[in-house]
Amino acid sequence: MDMGIDPYPAEKFEVNTTAKEMLAEFDSNEGKFEEVSLAGRIMSFRVMGKASFAELKDATGRVQIYVNRDDLCPGDDKTLYNTVFKKMMDIGDFVGIKGFGFKTQTGEISIHVKELKLLTKSLKPLPVVKTAKDEEGNETVYDAFSDPELRYRQRYVDLVVNDDVKDVFMKRIKVINAIRNYFNENGYLEVETPILQSIPGGAAARPFITHHNALGNDLYLRIANELYLKRLIVGGFDGVYEFSKNFRNEGMDRTHNPEFTAMEIYVAYKDYIWMMEFTENLLERVATEAIGTTDVQFGDKQVSFKAPYKRITMYDAIKEYTGFDISGMNEAQLRDVCKELNIEVDESMGKGKLIDEIFGEKCEGNFIQPTFITDYPVEMSPLSKRHRDNPELTERFELIINGKEVANAYSELNDPVDQRNRFEEQVKLQERGDDEAMFIDQDFIRALEYGMPPTSGLGIGIDRLVMMLTNNPSIQEVLFFPQMKPEKWPVASKVEEWEAIGVESGLVQVMHKLGMYMIIDLAEASSGKFMNDFIGMKKKLKLKEIKNPSREDFEAWIEKAVAIKEESEN
C-alpha cells in the first residue's frame, strides 16, 4: 500500500480462457491463445534473475507462467518485477495476467506474461506440498497438508493444496445432478418443505430443539421431510422429490454426521416393487454419469452398481446368518434370541428395535453387493403399508451396500386408522424411554383422512452414496464442512504487556506466528532454539527495519515469563 498498490482492488478482471482449456486445446489451436487473460492463485515460484517461472492455479487446474523483467517492465522502472513480483508476492496471492501462450524448450505449455496485476494479497502462507520421484518413477510427497482435523476445519486450504479433495466434491455434485436429471426426465417435481417443524416426524431419531421467539414455542429441526412430501401427494401432485438437509441429535462417527443430506421422492399409484426397479436403474445411471463406470472400488472390495440387485427378506437374512427363524416370535422370545447371540439390549427396546439390533449386529455387514432387504416387521415400520400377503409385515425395503444402509423405501401407509394406531404404539415406546420413537402428527393423520392415493416413497442418503462412489470410508471426507468440536482460539497478551518485558511492539506478530500468544508461553522455551526460530520467522515476515534481538534479550524474556507464570500459579 505504501507503494501505491491496492492489495484488494475492487474492479473486475476479465478472463478469456482457463488453465484446463489452454492445456487441452493449445496443440490443436495455438492461435486461440495469442492473447490470453487469466486469473488465479500463485502456487509456486522459480526466480532466475531477470526471468522467473511460476505456477498459476484457477478453478479448473494449473498452468505455468513465464515472467520476464523487461517484458513486464519495458521502461526504466523495474520495480514491478524486481521488488513487487520477486520480493513482495507470495504463494497464495491472487493475480491477473495478460500475455500469450507458448511452449518452453521442454515442451511445457506456458503463458508469457506481458501484464500482471495483484488481485488479492494472501496474509497467511499456504502449505507447500512437495513431491519427488525416484529413478523408478515412484512419487514421494513431502509436507503434505494431511492432518484430518486441520483439513476439515480449514477446508478452504484443503481444497487449494489437495487437488484430489476437490475432485471428490465435483463427483458429489455430479451425483446430485444425475439424480435430479433422472427425476425431471420422468416428470417428477422438485419441491421445498419446512426445516423448522412443530413435530419431528418421518423417522425414528432424536431431534434438535430450538425456540421460536415470535410464536413463543419450541420447534424442531427436521429429522426427515417425509410427512410433508406425502401431504403434497394428498394435495394432488403425482410425483415430488426434495434434496433436504436433515438434523439428528445423535452420535458422530465415520458414517454419521448430525447434519446430513437426504433425497426423498414420492410417486403416486406405485408400490415398493416398482420402486426397487426404479432405484436400481437410478443408481446404475448415477454411477455411470458421476464416475464413468458401474464397477466401484471401495476399500479392498469391488461393488457393482449394475442392475438388477439381489433381493432377500429380512427374516430370511436373519435366518441365514444367525440360524434363528424369528417369524412369529413375541418380544420375550426375541430378547432370548438376543441373549443367545450376545447382543446387548435394554428395557426401552420394543419388538421392532430388538429385530433391528439382531439384523444390524449379525446380518447387515454381510451384504457387500447392492442388496434389497425386504418385508420388514410392522413394529419397525410405523409409516409403511402392511404387506398384502402377511399383515405382520410391511411392504418396505432397505438397500444395503458394503454393509451400510443407503436407501429406504415403502409402499406408503395411506390408511389413517392404521396410521393412528401405529403412532400410538410409538407413544408407548416413548413412555418406556425410547427417545427415538415417533411423535403423533395429528395434522398428518387429518391429511390421510382426506385421502392419499396408493404411493411409494424412497429415501437415499446422499453422503453415504457419495462415500461409496468416491472410495471414502469417512463421511467427513464428502462433506465440505463436517461438524466438529468448537475450535479453541488462543488468548493473547496485550501489546503493552509484551513491551513491559522488553519485546518491541513490532515483534509481537513474530511471537504469534511461532504460537506464543501469552507471555507465559515463553516459560518453557529454550533460549537457543527459540532465538533461531524467532530470527528465521522475523526474516520471513520481512521485518528488516527492526533490529534482531540479542541472545541476552531472549534469555531476559524467558526469565521474566517464568517469573510471571510462577506468580500466577501462586
Side-chain angles (χ1 to χ4, degrees), residues 203-205 271-276 309-367 371-400 403-405 407-438 440 448 454 456-459:
D271 62 10
Y272 82 134
I273 297 172
W274 175 89
M275 188 61 82
M276 274 188 262
Y309 301 161
K310 177 183 175 182
R311 305 178 186 191
I312 183 173
T313 69
M314 170 167 273
Y315 282 171
D316 284 346
I318 290 174
K319 186 175 181 179
E320 179 178 343
Y321 289 102
T322 70
F324 288 95
D325 183 354
I326 66 168
S327 57
M329 285 189 179
N330 59 30
E331 185 177 317
Q333 292 170 318
L334 288 169
R335 287 187 179 278
D336 291 338
V337 170
C338 289
K339 186 175 181 180
E340 288 195 49
L341 294 174
N342 295 316
I343 295 173
E344 188 175 338
V345 296
D346 61 56
E347 291 302 315
S348 72
M349 294 180 178
K351 185 176 176 181
K353 276 229 170 171
L354 294 173
I355 296 172
D356 194 25
E357 288 295 316
I358 294 170
F359 180 78
E361 288 279 337
K362 301 299 180 180
C363 307
E364 194 171 46
N366 295 294
F367 296 104
T371 304
F372 291 119
I373 308 298
T374 69
D375 303 347
Y376 281 53
V378 169
E379 294 81 0
M380 291 183 67
S381 312
L383 299 169
S384 181
K385 182 175 286 190
R386 291 181 187 270
H387 198 284
R388 65 196 73 177
D389 298 323
N390 184 348
E392 299 299 313
L393 303 177
T394 60
E395 296 198 350
R396 173 186 178 185
F397 71 78
E398 286 187 331
L399 176 62
I400 308 297
K404 295 294 180 183
E405 175 203 343
N408 187 21
Y410 314 144
S411 293
E412 300 297 334
L413 179 56
N414 60 345
D415 178 344
V417 176
D418 193 2
Q419 183 64 81
R420 182 181 294 279
N421 292 335
R422 304 270 198 99
F423 277 148
E424 288 172 351
E425 289 297 320
Q426 291 290 301
V427 171
K428 292 177 183 178
L429 291 174
Q430 284 184 350
E431 292 170 352
R432 291 173 56 175
D434 187 347
D435 58 6
E436 293 184 350
M438 290 186 187
I440 293 182
L448 292 184
S456 184
L458 166 73

To the nearest 0.5 Å, what is the distance between CG (Asp415) and CG (Leu448)? 8.5 Å
To the closest 0.5 Å, what do you measure between CE (Met438) and CD (Gln430)? 10.5 Å
To check you understand the geometry: which heavy-atom pair defines the closest contact between Tyr410 and Ser456, and what is its length? O-OG, 2.8 Å
Under 3.5 Å, sequence neighbours excluded: what are the donor-acceptor pairs made by side chains of residues 355-364?
from: Lys362; atom 1: NZ; to: Leu341; atom 2: O; distance (Å): 3.4

Under 3.5 Å donor-acceptor, Arg386 side chain and Val378 backbone: no
For the CG atom of Asp336 and the CG atom of Leu354, what is their distance to the nearest 0.5 Å? 10.5 Å
Which pair of non-hydrogen atoms, one from Ser411 and one from Tyr272, has the smallest distance, and what is that distance? OG-N, 2.9 Å
Quick one: are Asn408 and Arg396 in side-chain contact, heavy atoms under 4.5 Å? yes
Which atom names give the shortest non-hydrogen contact between Leu383 and Arg422, and what distance separates them? N-NH1, 4.2 Å
Contacts of type ring pair (Phe, Tyr, Trp, His ring centres under 6.0 Å), residue Phe372, not counting sequence neighbours: Tyr309, Phe397
Hey, what do you get for CG (Leu413) to CD (Glu395), rounding to the nearest 0.5 Å? 11.0 Å
Does the distance from a Lys or Arg side-chain N to an Asp or Glu carboxylate O, for Lys428 and Glu431, drop under 4.0 Å? no
Is there a donor-acceptor pair under 3.5 Å between the side chain of Glu340 and the backbone N or O of Arg335? no
Calculate, to the nearest 0.5 Å, the distance between atoms CG and NZ belonging to Leu429 and Lys353 respectively. 8.5 Å
Evaluate the side-chain proximity of Glu320 to Asn366: yes if any heavy-atom separation is below 4.5 Å, no if none is. no
Can you check whether Lys385 reaches Asn414 side chain to side chain, under 4.5 Å on heavy atoms? yes
Sub-3.5 Å donor-acceptor pair from the side chain of Ser348 to the main-chain atoms of Arg432, do we have one? no
Can you give me the closest heavy-atom contact between Leu458 and Ala407, atom names plus distance? CD1-CB, 3.9 Å
Rounded to the nearest 0.5 Å, the CD atom of Glu379 sits from the CE atom of Met349 at a distance of 15.0 Å
What pair of heavy atoms forms the shortest contact from Ile373 to Met314, and how long is it? CG2-CA, 3.8 Å
Looking at Asp271 and Arg388, does any basic side-chain N land under 4.0 Å from a carboxylate oxygen? yes
Do you know the tightest heavy-atom contact between Ser381 and Thr394? OG-OG1, 3.4 Å
For the residue pair Ile326 and Lys319, establish whether any side-chain heavy-atom pair is separated by less than 4.5 Å. no
